[in-house]
Amino acid sequence: MKVMILGANGQVGTHLVISCAQTTDLEVLALSSSELDIRSHTDVLNSVKSFQPDVIVNAAAYTQVDKAEVEPDLAHAVNAMAIEFIADAANAIDSVIIHISTDYVFDGKNDLSYKEQDLPNPLNVYGKTKWQGERLLLQKANKPILIRTSWVFSDSKNNFVSAMHSLSKTRKELSIVDDQVGAPTYAGHLADAIVSIANKSITNPKFSFGIYHFNGEPFVSWFEFAKTIFEQSERRGLIQKQPKLWPIASEQYPSLAKRPKKACLQTSQFFKSNNSLSRDWRKGLDLVLSAKEKSKHESD
Ligand SMILES: NC(=O)c1ccc[n+]([C@@H]2O[C@H](COP(=O)([O-])OP(=O)(O)OC[C@H]3O[C@@H](n4cnc5c(N)ncnc54)[C@H](OP(=O)(O)O)[C@@H]3O)[C@@H](O)[C@H]2O)c1
């Protein structure tokens, strides 16, 4: 099977490359933003026609939730318009396209966790552009797989775990939002899930294209997630001392973008029934902290 990964240097893109390398019989072309800008219809089409992938995985996105409020055109170009270009290119060679979307397409007002068919109602520009991308994918692509996920973390620099580590260097006390609940998702677990569904979409003639949810478990608030990160990091000697944490309400933490209070996704049965896939974010956090510990020892 030939797999083309777009946005290969992001959190999910990086882990997709790793997961693909651990899978036999895959030929992979992984392209970073500097190698292929998905906003160019011509470049996307030419790259796809030249490599002839069976599956295209789009891990490229504009992901800065607050900045999107002041750069809506750029967010729209990457998260919405470009999806039509990729769908076009996939159709031209009859390829499957796997695209990743977010819990932020929902308003978080549901008491229960969101199912695939629930109606989105995004609260911020990022969520709106991602929902536009979803609709373009489902309208235009002949073989679309839309995977919604949430609160992605990895050992890269731009995520909640790294942000907590940086803050602990300068702050003795931290206020963390406690009324937004979600599911942290380890990028490595998500990447394994994507490779498994890619494989199924090619090998199973009865495979159902459409929307799938995949997120970590258990659901927690940002405050609880931060508390676990600091406890584990102190235990491993990655931070000197845990800052004192104070739970606060979203209203006490001013940010440009409004965020959903409880945008918990219900992971699709397809993934739940695959016993080889892990979704426990605490195991993912262990892997991230181990990687950080290893690089700390190497640089000491
Ligand atoms: N992060 C989360 O918490 C989260 C939560 C739910 C869903 N998701 C979704 O999961 C997917 C992967 O997210 P992630 O966390 O891996 O994001 P990420 O780390 O920010 O990676 C996104 C990648 O997209 C690339 N990119 C941006 N604009 C591009 C363009 N015009 N052409 C080609 N590549 C471009 C970026 O490259 P540069 O760095 O060079 O700009 C970056 O490598 C996205 O669809 C995102 O919406 C993420």
Side-chain angles (χ1 to χ4, degrees), residues 5 7-23 30 57-61 63 65 98-104 113-114 130 145-166 176 180-199 212-236 238-239 263-296:
I5 301 168
N9 280 357
Q11 298 193 84
V12 178
T14 301
H15 276 278
L16 277 167
V17 172
I18 297 168
S19 296
C20 285
Q22 290 163 349
T23 312
V57 187
N58 179 34
T63 55
V65 178
I98 300 181
H99 174 65
I100 308 163
S101 192
T102 168
D103 54 333
Y104 281 14
S113 45
Y114 286 94
K130 292 295 288 185
I145 301 175
L146 174 69
I147 300 181
R148 294 198 186 110
T149 190
S150 62
W151 296 20
V152 177
F153 69 94
S154 67
D155 58 352
S156 80
K157 283 188 194 125
N158 299 319
N159 63 70
F160 192 71
V161 181
S162 312
M164 290 302 108
H165 279 182
S166 320
I176 310 278
Q180 285 173 31
V181 176
T185 305
Y186 173 52
H189 292 164
L190 174 61
D192 288 346
I194 292 173
V195 172
S196 86
I197 204 168
N199 207 27
Y212 290 82
H213 286 178
F214 181 93
N215 61 203
E217 61 180 17
F219 297 132
V220 279
S221 69
W222 288 116
F223 177 83
E224 291 162 320
F225 188 28
K227 193 162 170 281
T228 311
I229 292 168
F230 285 126
E231 282 167 2
Q232 300 296 321
S233 301
E234 189 182 56
R235 191 174 57 76
R236 287 171 177 269
L238 284 165
I239 57 169
C264 302
L265 305 173
Q266 201 175 105
T267 292
S268 302
Q269 199 50 42
F270 174 86
F271 295 120
K272 277 191 184 162
S273 56
N274 183 338
N275 292 331
S276 66
L277 296 177
S278 178
R279 291 190 296 117
D280 187 333
W281 60 260
R282 294 162 301 193
K283 288 187 183 152
L285 181 62
D286 243 13
L287 294 171
V288 166
L289 298 182
S290 297
K292 285 187 186 284
E293 218 175 345
K294 194 164 166 244
S295 66
K296 183 170 181 273

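No experiment lies behind these values; they were computed from the predicted model shown. Residue numbers run from 1 in the order of the sequence given.
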Within the 6.0 Å centroid threshold, strictly below: F270 and F214: no
Residues in ring-ring contact (aromatic ring centres under 6.0 Å, His included) contact with F230, at least two apart in sequence or another chain: none
Residues N215, T149; criterion side chain to side chain donor-acceptor pair (under 3.5 Å); working and verdict: CA-CA 5 Å; N215 61 203; T149 190; over 6 Å; no
K130/D103 salt bridge by N-O under 4.0 Å criterion: no
Stepwise side chain to side chain donor-acceptor pair (under 3.5 Å) test for N274 and S276: CA-CA 6 Å; N274 183 338; S276 66; 2.7 Å; yes
Worked verdict on K227 versus E231 for salt bridge (charged side-chain N to carboxylate O under 4.0 Å, His left out): CA-CA 6 Å; K227 193 162 170 281; E231 282 167 2; 3.3 Å; yes
Worked check of side chain to side chain donor-acceptor pair (under 3.5 Å) between S154 and H15: CA-CA 9 Å; S154 67; H15 276 278; 4.9 Å; no
More than 12 heavy atoms from other groups under 6.0 Å of NZ on K157: no
Proximity of W281 and W151 rings by center, below 6.0 Å: no
Nearest-0.5 Å distance that lies between atom NZ in K283 and atom CD in E217: 9.0 Å
Side-chain heavy atoms of R148 within contact of T102, under 4.5 Å: no
Partners passing side chain to side chain contact (heavy atoms under 4.5 Å, CB included) against Q22 (at least two apart in sequence or in another chain): I18
Donor on one side chain, acceptor on other, H189 and R279, under 3.5 Å: no
